[in-house]
Novice: 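Okay, here's the structure, questions in a sec.
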Amino acid sequence: MSTSEMTSDARLTLFERHVKQALKLYDQPERLGRDSPLASAYVLGRALRNAPRPITEASRGAVLRQE
């Protein structure tokens with residue numbers, strides 16, 4: 001990460017940093033579901049209702065991508 005990226009990240013809110021991280025992981029649904037706080041059941045809530053069972057990291061990542 002360059003110095004300019006670190007400086008710009010310092011100005012982002014926590015939510016904005018989570019969104020930025022999620023966008024970087026967009027093409028990796030399993031990792032997105034594992035590493036992003038935005039893929040938690042708390043955030044996805046009702047969107048997980050129709051997800052196939054059992055809910056896996058990959059399915060949480062896929063649902064986050066859809067949302």
Novice: Testing the basics here: between Leu38 and Ala22, what is the closest heavy-atom pair and its distance to 0.1 Å?
Specialist: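 It is CD1-CB, 4.1 Å.
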
Novice: Test of understanding: clusters of I, L, V, M, F, W, Y form through side-chain heavy atoms closer than 4.5 Å, transitively. Do Leu23 and Leu25 belong to the same one?
Specialist: yes

Novice: Taking all non-hydrogen atoms of both residues into account, name the closest pair between Val63 and Leu44 and its distance.
Specialist: CG1-CD1, 4.1 Å

Novice: Nearest 0.5 Å, what's the CG-CZ distance between Leu48 and Arg60?
Specialist: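 Leu48 atom CG to Arg60 atom CZ measures 8.0 Å (nearest 0.5 Å).
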
Novice: So which heavy atom on Ser59 is nearest to which on Pro54, and how close?
Specialist: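 Smallest heavy-atom distance, with atoms named: OG-O, 4.3 Å.
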
Novice: So, the side chain of Arg65 versus the backbone of Tyr26: is there a donor-acceptor pair under 3.5 Å, distance only?
Specialist: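 Yes; judged by distance alone, with no hydrogens or angles, the pair exists.
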
Novice: Can you give me the closest heavy-atom contact between Lys24 and Gln28, atom names plus distance?
Specialist: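 Where Lys24 meets Gln28 most closely, the heavy atoms are O-NE2, 4.4 Å.
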
Novice: Per the side chain to side chain donor-acceptor pair (under 3.5 Å) rule, what does the pair list look like for residues 29-44, sequence neighbours excluded?
Specialist: Arg31-Asp35

Novice: Working note: Gln21 + Arg17, criterion side-chain contact (heavy atoms from CB on, under 4.5 Å); need CA distance, chi angles, decisive distance, verdict.
Specialist: CA-CA 6 Å; Gln21 175 198 27; Arg17 287 192 300 256; over 6 Å; no

